[in-house]
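Just below is one structure, and these are the notes that go with it.
Hydrogens, waters and symmetry mates are skipped; everything else that's a heavy atom, side chains included, is used.
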Amino acid sequence: MNCPLVTFVVPCYNHEDFVEKTLMSVFNQSYKNIELIVIDDGSTDSSVEKIKQNIVLYKKRFSRFEFIARENRGLCKTLNEGINWAKGDLICFLASDDIIFENKIEVQLKYIEKYPDVTSFYSGIKLINASDEVISTHETPLQFYNFDDIILHNFVLYAPTAIHKLSDLKEIGGFDNSVKIEDWDLWLKLKSHNKKIVTIPEILAFYRSHNENMSKKNDFMCKELLFILEKYKTNKNFSKAKFNIIKQYKLKPLKHINPFKYYLYKTIFYFQSKIK
């Protein structure tokens, strides 16, 4: 592991305003042994043209560069395609609107050497808006997460900071093509297979917040998280986990609109979760 090959998979869909900055943040990594796989998932804007502008540079910089542009298949199928193409020892998935710090891989490799039995490492972020302005800073401690933490949403794991052992992702079968909230499902799968997930006390990425973020679509998030949770309906924490999801995505938005309904529904859902 002195100089492992690190694969970056960048799935792109309609991010013409951001994808070039994302790719250049990989290009500018202080660590050199990197392969870059970019998959455009059927963009209808000028994302493909933006990516093609720097192909000559990417081919010179990276140990291997692959660019695939095809019809839309969805995020999980795109990520699994990246896993199948990857040849690295380690793999990072980077959304085409986020940006990583130049020393991301260099810093993470030090922790990988220190904790060789860990599958996935995450770190802190700076939250930015569509104009690259920093909104807030979010630090993470050195913390190992167990299955209960993940299923009950007692975690802070920022997607653009992740680095994984590719062999472990292949062992658990990669991403589930039937889900749309890929990260939570992946964490549950990893913990179900006794893989270790840890956050480290570093800030290594800019995480972009804008109107298209999936996490802002409450009804969608609630439906999809409950769909994933059904896989674990025999788990001791199933009812509590279901209540947590409903509280966060159904009830919390209601709190400012109609406080009476909020507390009424919260009480009902709470007792329903206890009964079950």
If we ignore hydrogens and angles and just use 3.5 Å, is the side chain of Y145 paired with the main-chain N or O of V156 as donor and acceptor?
yes
Is the distance between the ring centroids of F121 and Y111 under 6.0 Å?
no
Test item: H164 and L90 side chains (from C-beta on) under 4.5 Å apart, heavy atoms
no
Residues clustered with F206, ILVMFWY side-chain links under 4.5 angstrom
I99, F101, I128, V134, I203
Distance-only, no hydrogens or angles: does the N237 side chain make a donor-acceptor pair with backbone N or O of K240 under 3.5 Å?
no
Assess whether side chain to side chain contact (heavy atoms under 4.5 Å, CB included) is satisfied between K195 and E171, documenting all intermediate values.
CA-CA 10 Å; K195 304 301 182 182; E171 181 185 329; 3.0 Å; yes
Are side-chain heavy atoms of F67 and K52 found at a separation under 4.5 Å?
yes
Could you tell me whether K32 atom NZ has more than 12 heavy atoms of other residues or ligands within 6.0 Å of it?
yes
Is D17 paired with K50 through a side-chain N to carboxylate O contact shorter than 4.0 Å?
no
Main-chain N/O of I105 paired to Q29 side chain as donor or acceptor, under 3.5 Å
yes
Is it the case that the side chain of S47 and the backbone of S43 share a donor-acceptor pair, with hydrogens and angles ignored and the cut-off at 3.5 Å?
no
Check each of F147, F238, F227 against Y232 using the ring-ring contact (aromatic ring centres under 6.0 Å, His included) test, and report the only one that passes.
F147
Any donor-acceptor pair under 3.5 Å from T140 side chain to I200 backbone:
yes
Applying side-chain hydrogen bond (donor to acceptor under 3.5 Å, both in side chains) to S136 and H138, what does each step give before you reach the verdict?
CA-CA 7 Å; S136 56; H138 302 267; 2.8 Å; yes
Min side-chain heavy-atom separation V10-L36 under 4.5 Å:
yes
Taking C-beta and beyond as the side chain, do N33 and V6 meet within less than 4.5 Å on heavy atoms?
no
What's the verdict on side-chain hydrogen bond (donor to acceptor under 3.5 Å, both in side chains) for K126 and T137, showing C-alpha distance, side-chain angles and the deciding distance?
CA-CA 4 Å; K126 288 184 181 291; T137 298; 3.2 Å; yes
Which atom pair, heavy atoms only, marks the closest approach of I37 to G82?
CD1-O, 4.0 Å
Dump the intermediate steps for side chain to side chain contact (heavy atoms under 4.5 Å, CB included) on V118 and I112, then the final yes or no.
CA-CA 7 Å; V118 172; I112 290 170; over 6 Å; no
If you group Ile, Leu, Val, Met, Phe, Trp and Tyr by side-chain heavy-atom gaps below 4.5 Å, do Y158 and I181 land in one group?
yes
In this structure, CD of E16 is separated from OG of S46 (nearest 0.5 Å) by 3.5 Å
Rounded to the nearest 0.5 Å, how far apart are CD of E224 and OG of S178?
9.0 Å
Minimum-distance pair of heavy atoms, taken over all atoms of L166 and A86:
CD2-CB, 3.8 Å
T7 side chain to E35 side chain, donor-acceptor N/O pair below 3.5 angstrom:
yes
Parallel, tilted or perpendicular: rings of Y58 and F62 (30°, 60°)
tilted
Between L142 and T199, does the side chain to side chain contact (heavy atoms under 4.5 Å, CB included) criterion hold? Intermediate values first, please.
CA-CA 5 Å; L142 180 63; T199 53; over 6 Å; no
Below 4.0 angstrom, N of the basic side chain to O of the carboxylate: do D149 and K191 qualify?
no
Using a strict threshold of under 4.0 Å (side-chain N to carboxylate O), is an ion pair present between R73 and E71?
yes
Before accepting this row, confirm whether a basic side-chain N of the pair D41/K77 lies closer than 4.0 Å to the acidic partner's carboxylate O.
no
May I have the step-by-step check of side chain to side chain contact (heavy atoms under 4.5 Å, CB included) for I68 and V38, ending in yes or no?
CA-CA 6 Å; I68 304 108; V38 183; over 6 Å; no
To the nearest 0.5 angstrom, please state how far the CG atom of N28 sits from the CG atom of N103.
12.0 Å
Residues S96 and H15: closest non-hydrogen pair is OG-ND1, 2.7 Å
Would you call F220 and K180 a side-chain contact if the rule is heavy atoms closer than 4.5 Å?
yes
Minimal heavy-atom distance between L109 and P4, with the atoms involved, is CD2-CG, 3.8 Å
Between CG on residue D185 and CD1 on residue I150, distance to nearest 0.5 Å:
12.0 Å
I would like to know whether D98 and T22 meet side-chain hydrogen bond (donor to acceptor under 3.5 Å, both in side chains); could you show each step before the answer?
CA-CA 6 Å; D98 295 326; T22 298; over 6 Å; no
If hydrophobic clusters are built from ILVMFWY residues whose side chains come within less than 4.5 Å, do F18 and L204 share one?
no
Does the distance from a Lys or Arg side-chain N to an Asp or Glu carboxylate O, for R64 and E66, drop under 4.0 Å?
yes
In terms of heavy-atom contacts, A205 and T161 come closest through CB-CG2, 3.8 Å
Please confirm whether the ring centroid of F155 lies under 6.0 Å from the ring centroid of W187.
yes
What one should report as the nearest heavy-atom pair of P11 and T78 is CB-CG2, 3.7 Å
Using side-chain hydrogen bond (donor to acceptor under 3.5 Å, both in side chains), reason through S30 and E106 one step at a time and then give a plain yes or no.
CA-CA 7 Å; S30 57; E106 189 176 352; 2.5 Å; yes
Strictly distance-based, threshold 3.5 Å: is any side-chain N or O of K104 a donor or acceptor partner for the main-chain N or O of I163?
no
Any side-chain heavy atom of I91 sitting closer than 4.5 Å to one from F8?
no
Does atom CD (E139) have a neighbourhood of more than 12 heavy atoms from anything else shown, all under 6.0 Å?
no
Close side-chain approach of E182 to F93, heavy-atom, < 4.5 Å
no
If hydrophobic clusters are built by linking Ile, Leu, Val, Met, Phe, Trp and Tyr wherever their side-chain heavy atoms come under 4.5 Å apart, do L5 and I34 end up in the same one?
no
Would a 4.5 Å heavy-atom cut-off, applied to side chains only, mark W184 and L225 as touching?
yes
Ion pair check, D97 and K21, cut-off under 4.0 Å
no
Can you tell me if K231 has over 12 outside heavy atoms packed within less than 6.0 Å of its NZ?
yes
Going from CD1 on I100 to OG on S25, what distance comes out if it is rounded to the nearest 0.5 angstrom?
4.5 Å
Run the salt-bridge test on D176 and K189 with the 4.0 Å N-O cut-off and return the result as yes or no.
no
Is any side-chain N of the basic residue among R70 and D40 closer than 4.0 Å to the acidic one's carboxylate O?
no
Can you tell me how far apart OH (Y13) and CG (L75) are? Round to the nearest 0.5 Å.
12.0 Å
